[in-house]
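Written out below as C-alpha cells is the structure these notes cover.
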Amino acid sequence: MELFYRESGDVRAPLLVFLHGGGVSGWMWENQVEYFQHYHCLVPDLPGHGRSSEISFSICGSSELIIDLMKRKASGKPVILIGFSLGAQIALQILSMQPQMIDYAIINSALVRPVPLARHLIGPMVRMTHGLAKHRGFSRLQAKQLYIGEDLFEAYYQETCRMKAATLVDILQENMTFQIPEQLHRSTAKILVTVGEKEKKMMRKSAADIAASHRSCEVRVLPQVGHGVPLAQPELFNEIIEAWIRD
C-alpha cells in the first residue's frame, strides 16, 4: 500500500512538507495549507494514521517513505520540512538520513529524551485504556489537550476509534524511546526548534538538546501555549514558518 498524501498550491514554488503528530492525520495542517497556497504543499498521512492506517508504523520506515515521496515531488526545488510531535521526530530522522535534501526545517515539540521503561509499560497501559478512546467524553478531553477544536473533533474521534491497539503500541513505543539521530549534525538545513512554554519540562529540555546537537539550529519558546501550537495559534505558527524561510 502506498503512503496517502494531499498535494496543493503552486507546483513551481518551493516544496513545503507537513508531518502531523501521533493520533491525528494530515487534516491538522488545514490552517497552514490554506495560508501557504503560494508554495507547493505536500501533506502525507503517516503510516498507521488516517488513510495510511494499513501501513505498519516505525519512525525509520516512515522516514524512508517520505524521503521517497519528496524525491519524486521536489525536482530540484528548495524543500522546507515541518513536523509536529511525532512528525517532528520523523523530521529529525529524515534530516539525519538525507543531510543535504532539506533546506529549512521547523521542529515543533519533538521528544528526544527516552522515557524510562517505556517499552515495558506501554503495552499493558494501552490494553487497559484503549477502549476509553471510543467514549466521546474521553476523546474530548484528549482533543482539548491538543487544541483540537469542535470543527475538527469528529475527524479526530473517528480516526481514534479506528486505530488498532497494536498500532497505538507501535506508535507510542517509537515516540517514547526516540533519541537524537547520531548523524543529525551532518544536515545542511537551517533548523528552528519550537516548544510551548506550558509544555512538560522534558519537552523543553529536548528542544535544548536538539539545538546543542546542530550548528545551524535555533530554539524559540512560544509563550502561553502547551503541546499543539499549530492548532492552538495557527496564525502565529504560519508567521513563524514564513519568517524562518525568509530569514
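All residue numbers in this chain count up from 1 along the given sequence. Worth saying up front: this structure is predicted, and the values here are computed from it rather than measured. Below, each value reflects all heavy atoms present in this structure, side chains not excepted, and no hydrogens, waters or symmetry copies.
- Side-chain atoms of E199 come within 3.5 Å of backbone N or O of G196 as a donor-acceptor pair.
- A donor-acceptor pair under 3.5 Å is formed between the side chain of E174 and the backbone N or O of I59.
- The distance from the CD atom of Q183 to the OG atom of S96 is 7.5 Å, given to the nearest 0.5 Å.
- Checking side-chain atoms of T188 against main-chain N and O of P99 turns up a donor-acceptor pair under 3.5 Å.
- In E2, the CD atom is not crowded: 12 or fewer heavy atoms of neighbouring residues, nucleotides or ligands sit closer than 6.0 Å.
- Checking side-chain atoms of S187 against main-chain N and O of L184 turns up no donor-acceptor pair under 3.5 Å.
- Side-chain contact between F178 and R113: absent, with no pair of heavy atoms (C-beta onward) separated by less than 4.5 Å.
- With H214 contributing its side chain and S216 its backbone, the two residues share a donor-acceptor pair below 3.5 Å.
- Exactly one residue among R51, H20, E159, H49 makes a side chain to side chain donor-acceptor pair (under 3.5 Å) with S25. That residue is E159.
- Transitive grouping of hydrophobic side chains (ILVMFWY, heavy atoms separated by less than 4.5 Å) keeps Y39 and I66 in distinct clusters.
- Between V17 and I82, the closest side-chain pair of non-hydrogen atoms is not below 4.5 Å.
- Within the 3.5 Å criterion, the main-chain N or O of V11 finds a donor-acceptor partner in the side chain of K77.
- Between T177 and V115 there is no side-chain heavy-atom pair separated by less than 4.5 Å.
- In this structure, S52 contributes its side chain and I55 its backbone to no donor-acceptor pair below 3.5 Å.
- Annotation: side chain of N31 is not in contact with side chain of Y35 (no heavy-atom distance under 4.5 Å).
- Close placement of the H227 and F84 rings is indicated, their centers lying within 6.0 Å of each other.
- Here the CD1 atom belonging to I245 is positioned 4.5 Å from the CD1 atom belonging to I80, to the nearest 0.5 angstrom.
- Between Y5 and D45 the shortest side-chain heavy-atom distance does not fall below 4.5 Å.
- Proximity of a side-chain donor or acceptor of N175 to a complementary backbone N or O of I171 within less than 3.5 Å is not detected.
- A salt bridge does not link D209 with K205: every distance from a Lys NZ or Arg NE/NH1/NH2 to an Asp or Glu carboxylate oxygen is 4.0 Å or more.
- The pair R220-E197 fails the salt-bridge criterion, with no side-chain N (NZ, NE, NH1 or NH2) lying under 4.0 Å from an Asp/Glu carboxylate O.
- A 4.5 Å side-chain heavy-atom check between M97 and E64 finds at least one atom pair inside the cut-off.
- W244 and Y104 have perpendicular rings, their planes meeting at more than 60° on a 0 to 90° scale where under 30° would count as parallel.
- A donor-acceptor contact shorter than 3.5 Å links the side chain of Y157 to the backbone of K134.
- Around atom CZ of R246, no more than 12 heavy atoms belonging to other residues, nucleotides or ligands sit under 6.0 Å away.
- To the nearest 0.5 Å, atoms OG (S206) and CD1 (I107) are separated by 12.5 Å.
- Looking at heavy atoms from C-beta onward, L222 lies in side-chain contact with I240 at the 4.5 angstrom threshold.
- The shortest heavy-atom contact between G123 and V169 is CA-CG2, 4.2 Å.
- In this structure the side chain of R12 never reaches within 4.5 angstrom of the side chain of H40, judged on heavy atoms.
- Between the side chain of E7 and the main chain of L42, no donor-acceptor pair closer than 3.5 Å is present.
- Within a 6.0 Å sphere centred on NZ of K164, heavy atoms belonging to other residues, nucleotides or ligands number 12 at most.
- One hydrophobic cluster holds both V112 and M203 under the rule that ILVMFWY side chains link at heavy-atom gaps under 4.5 Å.
- A salt bridge between R6 and E30 is absent, with no side-chain N of the basic residue lying under 4.0 Å from a carboxylate O of the acidic one.
- Residues V43 and Y156 share a single hydrophobic cluster, defined by chaining ILVMFWY side chains whose heavy atoms lie under 4.5 Å apart.
- Rounding to the nearest 0.5 Å gives a distance of 6.0 Å between CZ of F36 and CG of L16.
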